[in-house]
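So you know, we letter chains A, B, ... as the sequences are listed, proteins then strands, and number each from 1.
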There are 2 protein chains.
Amino acid sequence: MARRMGSHSEITGPRIRAAALRLFARRGFAAVSMRQIAAEVGVQAGALYLYTPDKEALLHDLLRVHMEDMIATFDARPAPATPVARLEDFARFHIGYNLDHAEAVFLSYMELRNLSAGNFATVEALRHAYEDRLSAILSAGQAAGTFHLPDLRLATMAIIAMLNGVNIWFRESGRLDRAGVAGIYWDMVRKAVSA
Amino acid sequence: MARRMGSHSEITGPRIRAAALRLFARRGFAAVSMRQIAAEVGVQAGALYLYTPDKEALLHDLLRVHMEDMIATFDARPAPATPVARLEDFARFHIGYNLDHAEAVFLSYMELRNLSAGNFATVEALRHAYEDRLSAILSAGQAAGTFHLPDLRLATMAIIAMLNGVNIWFRESGRLDRAGVAGIYWDMVRKAVSA
DNA sequence: GTCTATAGAAAGATAGAC
DNA sequence: GTCTATCTTTCTATAGAC
């Protein structure tokens, strides 16, 4: 028996989230209407409310799932043995993951202010959990005498900010490919934490 | 003869821009209504249109004036003699200026997408003009053999991104004061461009 | 599960009185 | 220069048919 027409819950949900992610990232959360999201998916605005209680919950879900996926993907990989190797691994992973998920990364920095206090807190906690991975690497290298950091917390923030910056200007069609960019950034990161 | 009541063009214009800057930065351009801006200033919504042709022009003006002021302020200062001293001067200026104008800095990165193509181009050109100041310093140090850069353009972007990151987490009431933060960041920048 | 239709609120911008 | 009033559009969210 064929599925009844108009019944597509398994695919409409993900399509709504994909459309919302793209539109929110490109135009901003407040500038995107539920009608625009529905039009992208090919359903009516009212149908969206079968998948999300309201617009903010849709944003929160996108940000939370993004952060959870980033942490899980990082943790699922084998960790190199030395602090230096682990730092290089982090730098290359971060650049690659961010470029692969540029819209979600952009959203997760830009649209936090559109979350209610509770939703904001969950996303911030996830971000800190990710940053703690880098801090742990730096701390281990510092203890081993490999790294020389003026300040652990500031070094963490400085490295994250530097690596995040790649997403602002990188284009696949540009002068350098991803591996080339990652190699150059790793060189600067390595020197910044050395003696 | 006393000024007629309700005539305040010299002060209302700046007050509108100040209110728009604050509201746009905190809630986002699209999320702020002309009525909210007017309420902040203490006038009716219609009165705003004596000072701006529309909402986007108000945003464009804020971003353009911000970038022009940043460049002019930087250029008005005496330039140190050596590339190293000029780079340290740039790092400290950039952190200080960004913290002094946090809302405008945030706006000028986040709300570019709400500008029309022409307005976007003028702001981008100003941003590049500012970045060129840093590139020139790095290039001079490279030529003198003081700096060792894997890539001039990427080093420029990496340093700007790293310094911009301070605005995300810095609080006046925090563990470190501005000079302390600037000193630590300068240490990391210096090492990143060294041999 | 999706549709049409709509309630109710709020938006950007303008007209004309003062 | 500012106000009140309003035009027109658009928004989020819901109700009820199918």
Side-chain angles (χ1 to χ4, degrees), chain A residues 1-24 26-63 107 111 113-116 119, chain B residues 1-63 107 111 113-116 118-119:
Chain A
M1 174 90 181
R3 175 183 291 280
R4 231 181 101 235
M5 247 188 66
S7 179
H8 307 285
S9 69
E10 301 97 8
I11 59 169
T12 301
R15 273 162 54 77
I16 287 171
R17 291 150 69 116
L21 172 61
R22 226 188 61 215
L23 290 171
F24 288 165
R26 295 188 185 182
R27 304 183 202 172
F29 175 75
V32 173
S33 71
M34 295 297 266
R35 280 176 177 80
Q36 287 172 316
I37 298 169
E40 278 278 310
V41 176
V43 298
Q44 295 297 314
L48 299 184
Y49 291 89
L50 295 169
Y51 300 91
T52 182
D54 55 35
K55 194 183 172 189
E56 191 212 313
L58 186 52
L59 174 65
H60 177 238
D61 228 49
L62 291 172
L63 300 191
L107 257 199
E111 303 293 0
R113 61 188 167 195
N114 287 301
L115 297 178
S116 63
N119 286 343
Chain B
M1 174 90 178
R3 176 183 290 279
R4 237 181 96 235
M5 246 188 68
S7 179
H8 306 286
S9 70
E10 301 97 8
I11 60 169
T12 301
R15 273 162 53 78
I16 288 172
R17 292 150 69 118
L21 172 62
R22 225 188 63 215
L23 290 171
F24 288 165
R26 295 188 184 180
R27 304 184 201 171
F29 174 76
V32 174
S33 71
M34 296 297 267
R35 281 175 178 80
Q36 287 173 316
I37 298 169
E40 278 279 311
V41 177
V43 298
Q44 295 296 315
L48 298 184
Y49 291 88
L50 295 170
Y51 300 91
T52 182
D54 56 34
K55 194 182 174 190
E56 191 212 313
L58 185 53
L59 174 64
H60 178 238
D61 228 49
L62 291 173
L63 300 191
L107 256 200
E111 302 294 359
R113 61 189 169 196
N114 286 301
L115 297 178
S116 63
N119 286 343

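Between the CD1 atom of B:I37 and the P atom of C:dA11 there is a distance of 11 Å, given to the nearest Å. What separates CG of B:L59 from P of C:dG12 is a distance of 13 Å, to the nearest Å. Straight-line distance from the CE atom of B:M34 to the P atom of D:dT8: 20 Å, rounded to whole Å. Nucleotide C:dA10 holds its C1' atom 13 Å from the NZ atom of A:K55, rounded to whole Å. Rounded to whole Å, atom C1' of C:dG12 lies 11 Å from atom CG of B:L48. As a whole-Å value, the separation of A:R15 CZ from C:dG1 C1' is 14 Å. Atoms CG (B:L50) and P (C:dA13) sit 14 Å apart, rounded to a whole Å.
When the side-chain nitrogen and oxygen atoms of A:Q44 are compared with OP1 and OP2 of C:dT4, one or more of them lie within a distance under 4.0 Å. Checking the phosphate oxygens (OP1, OP2) of D:dC3, no side-chain nitrogen or oxygen of B:Y49 falls inside 4.0 Å. The side chain of B:S33 places no N or O atom within less than 4.0 Å of a non-bridging phosphate oxygen (OP1 or OP2) of C:dA10. For the OP1/OP2 pair of D:dT2 and a distance below 4.0 Å, the side-chain nitrogens and oxygens of B:T12 include at least one atom meeting the criterion.
We find the CG-CD1 distance between B:L21 and B:I16 to be 13.5 Å, quoted to the nearest 0.5 Å. Once rounded to the nearest 0.5 Å, the distance linking CD of A:E56 with CG of A:N114 reads 8.0 Å.
A:G42 comes within contact range of the sugar-phosphate backbone alone, with a heavy-atom separation under 4.0 Å but no base atom that close. Across all strands shown, B:V41 has no heavy atoms under 4.0 Å from either base or sugar-phosphate atoms.
Taking only side-chain atoms of B:R35, from C-beta outward, the nucleotide of D:dT2, D:dA13, C:dA13 with the closest atom is C:dA13. Here D:dA13 is the nucleotide among C:dA11, D:dG1, D:dA13 with the atom lying nearest to any side-chain atom of A:D54. Listed nucleotides C:dT2, D:dT2, C:dA13 differ in distance to A:A47; the shortest reach to its side chain belongs to C:dT2.
Formation of a donor-acceptor pair under 3.5 Å by the B:R15 side chain with backbone atoms of B:E40 is not found in this model.
For the side-chain contact (heavy atoms from CB on, under 4.5 Å) with B:R17, the qualifying choice from B:T12, B:L62, B:T52 is B:L62, the only one to do so.
Between A:A31 and A:P53, the one whose closest nucleotide on DNA chain D sits nearer the 5' end is A:A31.
Residues B:L48 and B:I37 have side chains in contact (heavy-atom distance under 4.5 Å, counting atoms from C-beta outward).
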